Amino acid sequence: MPARINSGFLQVRHRYLFQEVARRVAAFRASHPDADVIPLGIGDVTQPLAPAVIQAMHRAVDDLSQAESFHGYGPENGYDWLREAIAEGDYRSRGIAVDADEIFVNDGAKSDLGNILDLFAGENIVGIPDPVYPAYVDANLLDSRQVRFIPCTEENHYAGEIPQGWLDIIYLCFPNNPTGAVITREHLSEWVRYAREHDSLILFDSAYETFIRDETYPRSIYEIAGADECAIEFRSFSKTAGFTGVRCGYTVIPKALSVCTSSGQRMGLGPLWEFRQGCKFNGASYVAQRGAAAIYTADGRKQTREITDGYLRTAGIIREGLRSAGLSASGGENAPYVWTRTPEGMDDWEFFDRLLTATGIVVTPGSGFGAEGKGHFRITSFGDPGRTAQAMERLKRFVDGL
Ligand SMILES: *Cc1c(COP(=O)(O)O)cnc(C)c1O
C-alpha cells in the first residue's frame, strides 16, 4: 500500500479565516496603493512587553551565556518556580485549590487545545460552540472526530444552551473569542452540572481571563465546585501579557480528574498528559518561562494590568462608535473583542468587502467563526487607540450612507 494522508485533512477543505481576510486585504492594497488601511480585525496584540518581563528575559539570556548558570533542556512541564508562581498567583491567592504539579507549562494554549485530543478516543462526540475560535474545530476534524455545534446566540447571552443530548467532550471559552461574551457563575455551574451528570469533560479556554473587570464573572472554571473532576483549563500569556511572539502558556489538569477506559476503568488524566508531553514535547524555552514568572511579581502584575486596561479603553471606543452608527455592540467590557450585527442584515463577507473598499477598514466576518456568526462581524481592540477612533468615524459615515 502507498503512504496515505490522514483523511481528516479532507474534512478541513475550507480556507482558514484569517488567511482569506489577509488575501482580500492584500488584493485591495494592490489595487488601491494609496488607500489608508486600518486593521480592526487583528487577533494579535500590539503593545510591547512589560518592563518587568523584559528585564527578566534579559537576565535569563545572561544566565545562558555562562557555563555555571546555563540551562539546557528543562523539565517538560515547566520549571517549578513558574508552576509554583502560577498556582499561587492565579489560583490559591484567589481561594482556588490548585497545586503546582497540576500546572503544565507549554509554548502557548493553541498547541495544547489541539494536542490534548491525543488523550481521548476517536469516537468521543465533541461539542463546540458556534461561533468559535476556528482552531478547536479544525483540530477535531483532523482527528476525524464527530463535532456537534452548540449555538451561542444573543438569546442565550452567547454562552450556549445546555444540550439535551450527549456530548463527551465540550469546549468552552470565556471571555469569548469572537463574541467578547463572559459567562455568569450560574450558567457555568450548569455546564459543570451537565458534565458531571454525563461523565463528560469540559475543555475550558480562559486565555482572556485577565480582561475580566466585573469580578462577579468567574475567571477560572475551578471557581465552580466539582469542576476539578470534570474540567481542564487552558491559559495563555499571549493576550494577557503580550506573549504572542514569546510563546508561553499553561494547562491545568487537576489530580481529581479521571476519564474511563473502554472497559470502564478510570484513569487519571494528569499522568497520561505527562506521558504524552514527555513523548512529543520538550518544554517551553527557559527565557520565555523566566519572562512569564516576572508577570507574577508586583511590578509585572501592575504593568501587564495597565496594558490590558489600555485595550479595554480602546474596546470602549469601539462600542461607543458602533452605537453612534446605530449598530449593536456586545462584548468589549471584559474582553478585547466587540461583536456586532451587520447593518440592514447584510451578508458579512459582503459587508467586509464593501467596508474595505469604501473606507479601508478591515473587520473579521462573523461567518468565518461558524454558521451562527453569519450576519455579524468582530472588531478587536488591539489596534492603536487613535487609529481605532478614526476608523469608527469612517465606519459611522459609511453606515449612515447605506
Ligand atoms: C489567542 C487565543 C489563544 C492563545 O493562543 P496561544 O497559542 O497561547 O498564543 C487561545 N484561545 C483563544 C480563544 C485565543 O483567541
Side-chain angles (χ1 to χ4, degrees), residues 16-18 21 40-47 49 53 78 82 86 90 103-117 126-140 150 152 158-160 170-183 202-212 219-221 231-252 277 281 283-285 288-289 291-292 295 304 307-308 311-312 315 331-332 334-339 364 366 368-370 372-373 378-383:
Y16 195 60
L17 168 64
F18 299 102
V21 168
L40 296 182
I42 38 169
D44 196 354
V45 297
T46 52
Q47 290 303 301
L49 296 170
V53 170
L82 178 56
I86 294 168
D90 285 347
I103 306 283
F104 297 82
V105 175
N106 59 31
D107 59 356
K110 194 187 210 174
S111 318
D112 280 11
L113 282 159
N115 291 341
I116 201 79
L117 297 172
V126 182
I128 300 187
D130 174 4
V132 73
Y133 180 58
Y136 310 153
V137 183
D138 292 345
N140 277 281
I150 304 165
C152 293
Y158 301 106
I170 301 156
Y171 281 82
L172 295 177
C173 173
F174 295 102
N176 190 263
N177 178 8
T179 64
V182 276
I183 191 165
I202 296 174
L203 303 179
F204 191 74
D205 181 351
S206 62
Y208 295 95
E209 55 90 23
T210 64
F211 287 85
I212 293 179
R219 291 173 63 150
S220 165
I221 194 167
I232 296 177
E233 182 157 285
F234 300 84
R235 286 194 178 181
S236 168
F237 301 112
S238 282
K239 316 302 170 25
T240 62
F243 272 50
T244 51
V246 177
R247 311 305 306 146
C248 196
Y250 65 89
T251 296
V252 186
Q277 290 296 75
F281 183 60
S285 96
Q289 292 189 64
I295 297 168
T304 50
I307 296 170
T308 52
Y311 291 136
L312 287 168
N334 297 284
Y337 301 114
V338 183
W339 185 245
T364 312
F369 298 102
E372 295 291 340
R378 186 192 75 172
I379 296 186
T380 80
S381 64
F382 294 129

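We use all heavy atoms of the structure for the numbers below, so side chains are in, but hydrogens, waters and symmetry mates are not. All figures in this text were calculated on a predicted structure; none of them were measured in a lab. Just follow the structure's listing: the first ligand is 1, and inside any ligand the first atom is 1.
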Over 60° means perpendicular and under 30° means parallel, so classify the ring planes of Tyr250 and Phe237, tilted if in between.
tilted

Please confirm whether Tyr337 and Tyr208 have ring centers closer than 6.0 angstrom.
yes

Is the closest side-chain heavy-atom distance between Thr304 and Thr240 below 4.5 Å?
no

Go through the steps to decide whether Leu203 and Tyr136 satisfy the test side chain to side chain contact (heavy atoms under 4.5 Å, CB included), and finish with yes or no.
CA-CA 10 Å; Leu203 303 179; Tyr136 310 153; over 6 Å; no

Please work out whether any backbone atom (N, CA, C, O) or any side-chain heavy atom from C-beta onward of Ser238 is under 4.0 Å from ligand 1, and answer side chain, backbone, both or neither.
side chain

Does ligand 1 have any atom sitting under 4.0 Å from a heavy atom of Cys173?
yes

Output, in order, the C-alpha distance, side-chain angles, deciding distance and verdict of side chain to side chain contact (heavy atoms under 4.5 Å, CB included) for Arg378 and Asn177.
CA-CA 9 Å; Arg378 186 192 75 172; Asn177 178 8; 2.7 Å; yes

Do Arg219 and Thr210 touch side chain to side chain, with heavy atoms closer than 4.5 Å?
yes

Side chains of Asp44 and Thr244 only: does a donor on one sit below 3.5 Å from an acceptor on the other?
yes

Rounded to the nearest 0.5 Å, what's the gap from CD1 on Ile307 to CG on Leu312? Could you check?
12.5 Å

Polar contacts were defined as any N/O atom of the residue lying under 3.5 Å from an N/O atom of the ligand; does this apply to Ala207 and ligand 1?
no

Counting each atom of ligand 1 from 1 as listed, which ones have a heavy atom of Gly108 under 4.0 Å away?
7 (O), 8 (O)

of all protein heavy atoms, closest to atom 11 (N) of ligand 1 is Asp205 OD2, 2.6 Å

Note: Tyr208, heavy atoms under 4.0 Å from ligand 1, region reported as side chain

Element-labelled atoms of ligand 1 that are located less than 4.0 Å from some non-hydrogen atom of Lys239
1 (C), 2 (C), 3 (C), 4 (C), 14 (C), 15 (O)

One finds that the ligand 1 atoms under 4.0 Å from a non-hydrogen atom of Arg247 are 6 (P), 7 (O), 9 (O)

Could you tell me the residue and atom name of the protein heavy atom closest to atom 5 (O) of ligand 1, and the distance to it rounded to 0.1 Å?
Lys110 N, 3.8 Å

Give a yes/no verdict on whether any heavy atom in Thr244 is under 4.0 Å from an atom of ligand 1.
no

Side chain or backbone, does Asn177 bring an N or O within less than 3.5 Å of an N or O on ligand 1?
yes

Under 4.0 Å from a heavy atom of Ser236: give me the atoms of ligand 1 that qualify, with their elements.
4 (C), 6 (P), 8 (O)

